[in-house]
Amino acid sequence: DLRDANPAKYQGHSTHLFTLCFLEPRVEEGFLVSNQDRLARTTFVLSGVACCYILCYSMFTCAHWSTSGLEFVDSPETLSLASFRNYVVIATLCMNVGVMVMVRVPRARIALGPKGIECLALASVVLQCIAVTVSYPWCVVKLFGLNGANLVSDANNAHLWLALYLDGITTAAHTVLPVRWVMFWPASVVAVLCYGGGIIVCSDPCGSTTSLKILFFTSLIFAAALGRRTVEKLERAAFARLAEERTLRCEAEHKLRQTAAHLQQQIPSEERDVHGIGLQDDSNGNALSRFSSYRATWGCQSVPDTVQSAQMPDPLFFSATCTDIVDALLHGVSYLDFARVECPRTRRTVQTMMDLLVHPRIGGALVAIAEPEAFSDVFADIAGGSDRSVARASIRTCDEGYMNDRLRGVHISDKKFADALRDFAMHTEGDRWPDDYPDEEARGRPKDGAFLLSTSGYRVNCSVKLLGLQPAGRWNNVGTKHEVALACAWAVRDSFVFVKSSCGTLHLIVRGRE
């Protein structure tokens, strides 16, 4: 979420040894969200690799069968030791399968969020380190209170396998998982403690080189952690540059809009035909031609593509923060030509929807807020609407009424509404509800269309196509959804239309005062 912070805040991050984070909490959250999908994919891959290794190890053990599983000296008393070790291996396999399922199922991934997926990935790494240590032959022997010197095969080199397993797990995690370093260092400490405990507490016959081996293993883990921290610093620097570039672009656009507004104020009021973020015309329909001549006084006219495009003016744009919009709702803003909204209920509904849409986990969406009567005056299909022979616009459901049924009687302030909007706006393959979505009624249905909400905060229609709206102006370099939003804001009186693109840009469109 890059809309409200100063560019300097994006570049700032602490350099303390144990922290590496942006100073602005919203930027830190945005950095986490940007890595969420990559973290889920890499966690799934690493867990899958761990499962494959466990299965290959099990097949190898079966192909070279012994009562001890090739780790202990074959004897009747080692059978229980091998069985315990096999139980640990099976439990580790089940844990990795569970992690793969949790990061793969959309509903679980949404519920976890970026921080939850981080914790899940790190918990998987820590538990695998503990499982490797507990299944370490000397540890198993000590747990059963036996003498390991006569029971462990290849006793002198057993600690090397423990070091290899632990270093492989932690190095792979540091290299592949895009987890923040401040969250990663506890896993590194656990790996060192597991190795040290495995060869000290369990009295591994390492001789006088025990301390040297622990020191060498600790240096390997430290090098992996240092590499992870260096990579994260580069990732954060790249994210900060991107955020700064977006902020500078917004500031440049804002200055450009201010210049346009200043030039417009220099034109006599009777010649002004575009106000705020909307469009104006008179009863004779002469505003469009006057606007063209007005625009020609200070800017170059582009060659129109069609006769219709030559008649359509460009809407005025103003860059504003969420705080600016809230102030405009409460008090009005003269330079935006934004009138104060008198109805407290309408203000709350617009502000609540804006708070929902600015969240980085909400994808592309089109939401129109107005009185139900205003919608029915434009769209013939809405209950109470005008006759079809008179109305020029209509609506058509995209999902056979699924979202209408799901949000019936649900207020915009309800968590159920936020969850439904988030799931609806989240990009999925084919822009359809996943086949594994918990609600079977939603599976396979398209995730498309607009949300029409009343000013009271309840849905009028959801996931509908807005058909037959007359174009209200030209909006260059945008898609159909933005054009429809502009036409809807022009046609539906006193409406507030939000349109958010998949890249995160959010627009609020309001028809100017007449």
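All residue numbers refer to positions in the sequence shown, counting from 1. What you are looking at is a predicted structure, and each value in this text was computed from that prediction instead of being measured.
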Specify the closest pair of heavy atoms between Arg459 and Asn404, including all atoms of both residues, with the distance to one decimal. NE-O, 3.0 Å
Chi angles and distances behind the side-chain contact (heavy atoms from CB on, under 4.5 Å) call for Leu466, Ile395: CA-CA 5 Å; Leu466 307 182; Ile395 63 172; 3.8 Å; yes
Using side-chain contact (heavy atoms from CB on, under 4.5 Å), reason through Val132 and Cys194 one step at a time and then give a plain yes or no. CA-CA 9 Å; Val132 168; Cys194 286; over 6 Å; no
List the steps, then state whether side-chain contact (heavy atoms from CB on, under 4.5 Å) holds for Lys233 with Trp181. CA-CA 10 Å; Lys233 288 184 68 175; Trp181 186 82; over 6 Å; no
Side-chain heavy atoms of Val350 within contact of Phe498, under 4.5 Å: yes
So Arg406 and Asp423, salt bridge (charged side-chain N to carboxylate O under 4.0 Å, His left out) or not? Walk me through it. CA-CA 12 Å; Arg406 180 172 177 177; Asp423 294 350; 3.7 Å; yes
From the options Arg241, Arg180, Arg228, select the one residue that forms a salt bridge (charged side-chain N to carboxylate O under 4.0 Å, His left out) with Glu235. Arg228
Among all residues two or more places apart in sequence or in another chain, which pass the salt bridge (charged side-chain N to carboxylate O under 4.0 Å, His left out) test with Arg249? none
Only one of Val367, Thr346, Thr455 forms a side chain to side chain contact (heavy atoms under 4.5 Å, CB included) with Phe496, so which one is it? Thr346
Hey, what do you get for OG (Ser219) to CD1 (Ile214), rounding to the nearest 0.5 Å? 12.0 Å
Minimum heavy-atom separation for Val341 to Arg347, with atom names? O-NH1, 2.6 Å
Decide yes or no for Arg229 and Glu232: does some side-chain heavy atom of the first lie under 4.5 Å from some side-chain heavy atom of the second? no
Using atom types as modelled and distance alone, determine if a side-chain donor or acceptor of Ser124 lies under 3.5 Å from a backbone N or O of Leu120. no
Look at the side chain of Thr175 and the backbone N and O of Ala172, then say whether any donor-acceptor pair between them is shorter than 3.5 Å. no
State, with a plain yes or no, whether a side-chain heavy atom of Val176 is found less than 4.5 Å away from one of Val45. no
Ignoring hydrogens and geometry, is there a side-chain-to-backbone donor-acceptor pair from Thr42 to Leu39 under 3.5 Å? yes
Rounded to the nearest 0.5 Å, how far apart are CG of Asp419 and NZ of Lys415? 3.5 Å
Smallest heavy-atom separation, Ser495 atom then Cys488 atom, equals OG-O, 3.9 Å
Show, in sequence, the C-alpha distance, side-chain angles and deciding distance for Val484 and Lys465, and conclude whether the side-chain contact (heavy atoms from CB on, under 4.5 Å) test is met. CA-CA 9 Å; Val484 172; Lys465 306 174 186 177; over 6 Å; no
Which residues pass the salt bridge (charged side-chain N to carboxylate O under 4.0 Å, His left out) test with Glu245, not counting sequence neighbours? none
Write down the atom of Arg443, the atom of Asp436, and the distance for their closest heavy-atom approach. NE-C, 4.1 Å
Would you call Tyr53 and Tyr165 a side-chain contact if the rule is heavy atoms closer than 4.5 Å? yes
Do Arg511 and Trp490 meet the cation-pi criteria used here (NZ or CZ under 6.0 Å from the six-membered ring centre, within 45° of the axis)? yes
Determine the interplanar angle of the Tyr195 and Phe217 rings, folded into 0 to 90°, and report it as parallel if under 30°, tilted if 30 to 60°, perpendicular if over 60°. parallel
For the pair Ser47 (side chain) and Phe44 (backbone), establish whether a donor and an acceptor sit closer than 3.5 Å, ignoring hydrogens and angles. no
Side chains of Val358 and Lys500, heavy atoms from C-beta outward: is any pair under 4.5 Å? no
Rounded distance (nearest 0.5 Å) linking atom CZ of Arg38 with atom CD1 of Ile117: 12.5 Å
To the nearest 0.5 Å, tell me how far Leu366 CG sits from Ser501 OG. 12.0 Å
Pairwise distance CZ(Arg340) to CG(Leu329) - rounded to 0.5 angstrom: 10.0 Å
Answer with yes or no whether the side chains of Ser188 and His174 bring together a donor and an acceptor at under 3.5 Å. yes
Below 4.5 Å, heavy atoms only, C-beta onward: do Arg109 and Gln36 meet side chain to side chain? yes
If you define the side chain from C-beta out and look only at heavy atoms, does anything of Val499 sit under 4.5 Å from Val478? no
Say you draw a straight line from CG of Asn96 to OG1 of Thr43; how long is it, rounded to the nearest 0.5 Å? 11.0 Å
State, yes or no, whether a side-chain contact exists between Phe417 and Leu356 at a heavy-atom distance under 4.5 Å. yes
Give me the atom names and distance for the closest heavy-atom approach of Ile362 to Arg422. CD1-CA, 3.3 Å
Please name the pair of heavy atoms, one in His411 and one in Ser456, separated by the smallest distance, quoted to 0.1 Å. NE2-O, 2.9 Å
